[in-house]
Every structure is written in structure tokens, then in C-alpha cells.
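Please read the structure below before turning to the comments.
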Amino acid sequence: MPPMNAHDVVIAGGGPTGLMLAAELRLAGVDAVIVERRATQDLDGSRAGGLHPRTLEVLDQRGVVDRFVDAGQKHPAAGFAGIFLDISDFPTRHNYLLGLWQRDIERILAGWVLDELGAPIMRRRDVRGFVQDDDGVTVTLDDGDAVRATYLVGCDGGRSVVRKTAGIDFVGYDATATFLICEAEMTDPEVGMRREGGGLGPANPGVDDGRYRFALKEDAVSHDGEPTFEDAHALLVAKYGTDFGLRNPTWISRFGDATRQAATYRSGRVFVAGDAAHIHGPQGGQGLNVGVQDAVNLGWKLGQVLRGAAPDALLDTYHAERHPVAARVLHNTMAQVALSIADERHDAMRDITIELLAMDEPRRYVAGMVTGLDVFYDLGGDHPLVGRRMPDLDLRNDRVYERLHAAQPVELDLAAQCTATTCELPVIGRVPLPQAVMIRPDGYVAAVTLP
């Protein structure tokens with residue numbers, strides 16, 4: 001007989017996706033432990049730099065969004081291949097892009113998840129493999145120890161050991177371009193964006209500390225691993241004609257536009273989420289946001305199944321719902337990469353795209369896609385709210401998202417609680433409100449009652 005499972009869930013990786021999943025599981029009353037290779041939550045660098053409206057709504061649904069908003073900077077536009085799309089008229093309380101580096105996102109998340117919710121974390125440990133059976137998963141760590149759980153979730157990045165050990169194919173394309181990113185001291189740099197999606201700007205906006213960050217496309221695809229200070233210096237001079245007094249780098253890294261997606265998000269008792277499930281170019285800043293939303297979708301389902309409130313088949317809907325969402329992100333980032341190529345043919349395509357996105361309907365369509373506000377799950381039913389995010393309507397004594405703080409399903413009698421008779425959905429437009437709604441813990445409408 002296999003040993004009794006020590007944990008309900010082992011989460012491999014304590015980045016934004018792993019932390020958000022741990023929060024969802026703790027709120028669901030599930031025993032989950034994070035295995036994280038870093039000794040602290042500190043990052044050597046911060047590639048991701050923003051939270052989109054739908055991610056902010058998710059954090060609002062849990063009552064913690066103000067912590068992130070207070071630490072970041074609001075911008076009224078989303079980006080598509082460097083083309084700015086005004087989202088200030090979108091029907092959401094968070095109609096802006098929040099500029100906030102990943103290191104700060106992780107710091108705030110960790111304060112909530114680890115310190116307040118009490119999620120346990122095993123630091124300086126790495127998952128090296130696992131064996132699953134009918135009753136659970138035995139997870140092997142790099143120090144030779146093993147941890148037993150009912151389920152294992154790989155939130156361990158694009159090179160995911162969990163995904164590889166599970167034998168899940170990672171289908172897609174190799175990088176067509178690589179970018180060098182560096183944070184260092186500079187003297188009077190030329191701040192601004194560059195056509196290929198890189199650029200140069202302050203490392204800590206609003207703080208005059210002389211530290212800047214640049215991300216620049218390399219002339220050839222590099223497979224040499226982590227770049228050096230000499231590489232950063234040479235690229236800066238090649239692109240700008242000067243090094244702007246570059247010195248004292250904090251960190252230097254490299255990323256590319258490789259585009260791959262896990263063929264399945266589930267293999268028995270093992271799941272993948274975030275970069276372990278999908279990687280793509282950074283255009284549009286969607287990766288971290290999609291990973292956090294993966295975690296929220298999977299978290300409540302694991303909670304329901306582990307509590308015996310739902311059958312195991314509910315877990316299959318994680319792949320069914322989230323795989324198409326990421327596939328669409330991969331598709332739009334490839335389009336953005338193409339629009340960023342600087343030659344006459346691509347310039348012509350870009351010019352036409354800019355003209356189209358200046359029109360209201362195309363702008364709203366593309367911005368809804370990039371921000372995640374247009375996500376739709378096919379849950380059946382004829383009403384346009386079913387399968388879409390529930391708007392944060394004002395109720396008689398509170399608002400909808402305050403009802404979701406406990407990460408539990410909410411049945412809401414709109415006829416009794418809301419004076420409005422219609423609501424507006426991004427891209428879809430204004431729709432009539434039903435008499436009542438059943439809202440899933442992740443904020444999507446599962447069913448409606450019509451008058």
C-alpha cells in the first residue's frame with residue numbers, strides 16, 4: 001500500500017503562478033506546499049513589468065488588489081507590437097495597465113500568500129522527478145528527499161522538469177530573435193521605446209537613483225546562455241552609438257520569442273501552469289498575467305475535488321478552458337513579432353495595422369484580447385454572460401467582487417441586489433442582466449436565471 005499522502009498538492013516553483021495557486025488552495029482549505037529553488041523571494045532580475053486589467057480584477061476578487069496598485073504606476077493604454085491601445089474607456093474598475101516589476105509583484109504576493117495565508121514553502125529545493133500511482137504522486141527533490149502528495153502542479157518555468165518527466169510534448173517553434181536585457185547605472189541615457197519592442201528607461205520609475213534598464217534586440221539569435229557585461233556594452237553602443245556611461249550592472253539576462261505550448265495541461269495527477277505550459281515572445285506583456293489566471297482556474301477546481309464536492313472529471317476542464325486561451329496568446333504574440341520586423345513589407349503591414357487600430361471596434365477587439373478581458377469559456381447557455389467574467393457591479397451594500405474574497409462560488413440575486421438592468425462587456429457591448437447568476441470562484445459566470 002502506498003504511503004499516506006503528506007500533502008494535498010505539491011507546487012513546483014514559487015514564482016507568480018505558483019504563489020497564486022498556493023493562495024487559491026489555501027483559501028479553499030487545501031494543504032499545499034511550494035518547492036522553490038531560491039533561498040528568498042528576491043529576483044536577480046525582473047523581465048515582466050506589468051499587470052493587465054483582468055489580472056487586477058482577479059486580485060480584486062481576493063481583496064488584495066490595492067497592495068499592488070499602491071506600489072505601481074497606472075498607464076491608460078495596453079500595447080500591441082508597440083502600438084498603444086487606449087483602454088481608459090473599458091468597462092472595468094481597472095481600466096489601465098499597472099506598471100510594476102515582477103520582483104515587486106512577487107514580493108507583494110509572497111507577503112500575502114506565505115505570511116498571511118500561511119502557505120508553507122520548501123526553499124533551496126528543486127523537483128528532480130516524480131512517480132505517480134493510483135493514489136498520489138511521490139515527488140523526488142534534488143537533495144534526495146521525497147514528498148508525497150495527491151496532486152503535483154508544475155509551475156517551474158519553460159524548462160519545466162515536471163512537464164518533461166510527465167512526457168508532455170512542448171509543441172511550437174524555436175526563437176527567431178533574442179533580446180539582451182540589462183539593469184545598470186547610466187548617465188543621461190536616451191529614454192524611449194525602440195521599434196523592435198525593446199527600449200531604455202528608468203529601472204525604478206519615480207526614483208532618481210541613476211539606475212536604468214534596457215532591452216535590445218540582438219543582431220543574430222543567440223544560444224550562448226547568460227550574456228556578459230561586455231555583451232551588454234557592445235550592444236548598447238551598436239544600437240545607440242554610445243554606452244551612456246554604463247556601469248555597475250545589477251543583472252544581465254537574455255530572452256527570446258520561442259513559442260511553445262504543452263500538448264496537454266494534465267497527465268494523470270500532474271498538471272502544468274504558467275511558463276511550464278506555454279512560452280512566447282514578451283510582446284504585449286501577457287505571460288505573467290496568463291500564468292496567474294491559469295492558477296486561479298486550476299486552484300478552485302483542485303479545491304472542489306479534494307474536498308469531495310466535485311468529481312475528478314472537473315479537473316479535465318482546466319485544460320479544456322485554459323489551453324485555448326494560451327494558444328490565442330501565442331498566436332497574437334507571433335503576429336506582434338512579425339509587425340516588429342523592420343523592412344519595407346512589414347512596415348507596410350504595420351502601417352495598415354496602425355490605421356485599423358485607430359478605429360474604435362478593432363482597438364477594443366485587440367485590447368480585449370491582450371488584456372484578458374474577453375476570455376470566454378464555452379459553458380453552454382444562450383445568455384452572453386455565461387462563460388464570461390462577471391462585471392464588478394455595485395450592489396445594495398457592497399459590490400460583486402467583494403463577494404468573491406473567500407474564493408467560493410457565489411449565487412447572486414441581481415433582481416434584489418442590483419438596481420442596474422444592463423451591464424457592459426468588453427468587445428461584446430451592453431447586455432441585459434439576468435435575474436440571478438451563479439459565479440464560479442474564479443469570477444466567471446457558470447449559469448444564469450432569466451426573468
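Keep in mind the model is a prediction, meaning the values are calculated, not measured. Along the sequence shown, the residues carry numbers beginning at 1.
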Notebook entry, point to check: If you count the non-hydrogen atoms of other residues, nucleotides and ligands that lie under 6.0 Å from CG in Asp382, is the total more than 12?
Noted result: no

Check your understanding: Is it true that atom CG of Asp209 has more than 12 heavy atoms of other residues, nucleotides or ligands lying nearer than 6.0 Å?
Key -> yes

Val127 side chain reached by Thr165 side chain, heavy atoms, under 4.5 Å = no

Could you pull out all donor-acceptor pairs under 3.5 Å where a side-chain atom in residues 28-40 meets a protein atom, sequence neighbours excluded?
residue	atom	partner	partner atom	Å
Asp31	OD1	His7	ND1	3.4
Asp31	OD2	His7	ND1	3.2
Glu36	OE1	Gly14	N	2.6
Glu36	OE2	Arg38	N	2.9
Glu36	OE2	Arg38	NE	2.8
Arg38	NH1	Gln41	O	3.2
Arg38	NH1	Glu106	OE1	3.2
Arg38	NH2	Gly14	O	3.4
Arg38	NH2	Glu106	OE1	2.9
Thr40	OG1	Asp42	N	3.2
Thr40	OG1	Asp42	OD2	3.4

For residues 431-440, which side-chain N or O atoms pair as donor and acceptor with protein atoms under 3.5 Å away, sequence neighbours left out?
residue	atom	partner	partner atom	Å
Arg440	NE	Asp442	OD1	3.1
Arg440	NH1	Glu321	OE1	3.4
Arg440	NH1	Glu321	OE2	2.9
Arg440	NH2	Glu321	OE1	3.0
Arg440	NH2	Asp442	OD2	2.7

Salt bridge (charged side-chain N to carboxylate O under 4.0 Å, His left out) with Arg62: of Glu24, Glu116, Glu402, only one passes, and it is Glu24

**Request:** Kindly assign one of parallel, tilted or perpendicular to the pair Phe271 and Tyr318, based on the angle between their ring planes and the thresholds 30° and 60°.
**Result:**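 Ring orientation of Phe271 relative to Tyr318: perpendicular.
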
Describe, in one word, how the ring planes of His319 and His323 are oriented to each other, choosing from parallel (under 30°), tilted (30 to 60°) and perpendicular (over 60°).
tilted

**Prompt:** Does Arg322 count as lying over the ring of Tyr265, i.e. NZ or CZ under 6.0 Å from the six-ring centre, within 45 degrees of the axis?
**Reply:**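 Checked: cation-pi criterion not met.
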
CD1-CG distance between Ile11 and Asp156, expressed to the nearest 0.5 angstrom
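Reported value, rounded in 0.5 Å steps: 11.5 Å.
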
Query raised in the report: Tell me the salt bridge (charged side-chain N to carboxylate O under 4.0 Å, His left out) pairs involving residues 403-430, sequence neighbours left out?
Result: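 Pairs touching residues 403-430 that pass the test: Arg364-Glu424, Asp398-Arg403, Glu424-Arg430.
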
- Message: For Gln304 and Lys301: C-alpha separation, side-chain torsions, deciding distance, then whether side chain to side chain contact (heavy atoms under 4.5 Å, CB included) applies.
- Response: CA-CA 5 Å; Gln304 291 278 314; Lys301 295 172 181 177; 5.7 Å; no

